[in-house]
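Okay, structure first, notes after.
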Protein chains: 2
Amino acid sequence: MQILEVAISLFAKQGFSGTTTKRIAEAAGVSEATVFKHFATKVELYHAILDLKACEGGMKTLPWEDPKIQDAIERSDDFEVFFTLAKVALENQQEDIDFMKLLFHSAFEKHELADMFFAGFVSQIYEFMGSYIRRRQKEGAMRSVDPKLAMRAFMGMLIHHSMNNILWDQGRRILDISNEEAADEFASILLNGIKR
Amino acid sequence: MQILEVAISLFAKQGFSGTTTKRIAEAAGVSEATVFKHFATKVELYHAILDLKACEGGMKTLPWEDPKIQDAIERSDDFEVFFTLAKVALENQQEDIDFMKLLFHSAFEKHELADMFFAGFVSQIYEFMGSYIRRRQKEGAMRSVDPKLAMRAFMGMLIHHSMNNILWDQGRRILDISNEEAADEFASILLNGIKR
DNA sequence: GTCTATAAATAGATAGAC
DNA sequence: GTCTATCTATTTATAGAC
């Protein structure tokens, strides 16, 4: 629906309280009354967005559903595992910049989207990749390091890089690099960093 | 001043448009009129905060002013350089959580604080540490990797870790680790990751 | 389903007394 | 320096016609 689309983009740009129903209506090309016919309150509209994005958007691409990663895990091809994870993550994040922004706003404003995202997606990645690292440690391929901390370091590289691209880099040309190159380098740094 | 203090904390929690002058006045224990006597407009109050925090807070601790880091750089003690940088950054960030939050809000809302911070602090770190990495590459101690990308990876670990601590971890006990341990591990990962 | 018109509440900001 | 009272514009939300 047109209203939802423009609302997503406006909430992403300016947060919840920074976005007026008037601007949403204008951007959607309808009257404010029409907005309130579809969504009884502004909060209800916001919730509709969260529901939509939480299901359709950020959460569906669980890394272990990617056949490339599953295959690489079976073969214990560390580089392929982390490189592919990084590439998929960077591409998803850049594809849905609005969702990323919404997510950060939610985290700051303590909306429940942040909690849902944390419980449903972030913590699963920590669990899943953490157990892979633990296995490779037992096999002697990786040195002794807290798998959760290693994953935090890796996720930090990915998320921070995306955030920089989203918030700063466009137009500023600080670091002009493809997702493929970035994924390659981040995976190399982490794996050399934690290998035995 | 009491008004500034509570305004910082409220703007950090809810952003600029999410914070009303009424709530600021209440929290400061004065009337709204008093707020407007001190700061002609809400925007002016916000600017006063930015000026204050930009000078007193986040910007003053330039890493190359730390004697420990200067010394370590002269001795080419890579671990000491990056470990100390990480420790100082993590401690500063945790000390001034409100400033961090304000900074992120600013970045999203496209206020000028974000630009100031970027131009005055972030880009200097990239320059400074980038040139250190370049020197160590020439000396054969580090492999060929874009110094800016390496720094982005490292800053990503630090900022992401802080963000997680600030936004999620308190109470959730996902990753209970001291700044010292985290700094140690992040420096190890980066340096092993990019060494020759 | 959508609009015009309008209500009700809240926002930022000012006047003027103490 | 601070307060009470008030103003104006904006914001969320509703009523009712088409």
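Everything quoted here is computed from the prediction, not taken from an experiment. Throughout, a chain's letter reflects where its sequence line sits, starting with A, and its residues are numbered from 1.
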Checklist entry - So, for H105(B) and F11(B), is the gap between ring centers shorter than 6.0 Å? => result no
Spacing of [X] atom [atom1] relative to [N] atom [atom2], expressed in whole Å:
X	N	atom1	atom2	result
K22(B)	dA9(C)	NZ	P	12 Å
I24(B)	dA13(C)	CD1	C1'	13 Å
K42(B)	dT10(C)	NZ	C1'	12 Å
F39(A)	dT12(D)	CZ	P	15 Å
Y46(A)	dT12(D)	OH	P	14 Å
E26(B)	dT4(D)	CD	P	13 Å
F36(B)	dG1(D)	CZ	C1'	17 Å
Q14(A)	dT11(D)	CD	C1'	15 Å

Would you mind telling me which of [options] lies closest to the side-chain atoms of [X]?
X	options	answer
A33(B)	dT14(C), dA11(C), dA15(D)	dT14(C)
T41(A)	dC3(D), dA13(D), dG12(C)	dA13(D)
E32(B)	dC3(C), dA13(C), dT12(D)	dA13(C)

Checklist entry - Contact class for S31(B) vs. all strands (heavy atom < 4.0 Å): base, sugar-phosphate, or nothing? => result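 If one applies the 4.0 Å heavy-atom cut-off, S31(B) turns out to touch a base.
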Checklist entry - Just checking S17(B): base, sugar-phosphate only, or nothing, at a heavy-atom cut-off of under 4.0 Å? => result nothing
Checklist entry - Think K37(B) has a side-chain N or O under 4.0 angstrom from the OP1 or OP2 of dG1(D)? => result no
Next on the checklist: Any side-chain N or O of T34(B) below 4.0 angstrom from OP1/OP2 of dC3(D)?
Outcome noted: yes
Next on the checklist: For a 4.5 angstrom cut-off between non-hydrogen side-chain atoms, does Q124(A) reach W64(A)?
Outcome noted: yes
Checklist entry - Can you say whether the rings of F82(B) and F154(B) are parallel (under 30°), tilted (30 to 60°) or perpendicular (over 60°)? => result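 Perpendicular: the ring planes of F82(B) and F154(B) meet at over 60°.
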Checklist entry - Side chains of T41(B) and E44(B): is there a donor and an acceptor less than 3.5 Å apart? => result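 Not at all, the side chains of T41(B) and E44(B) share no donor-acceptor pair under 3.5 Å.
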Item to check | Given Q94(B), Q93(B), K87(B), E91(B), the one that forms side-chain hydrogen bond (donor to acceptor under 3.5 Å, both in side chains) with N179(B) | outcome: Q94(B)
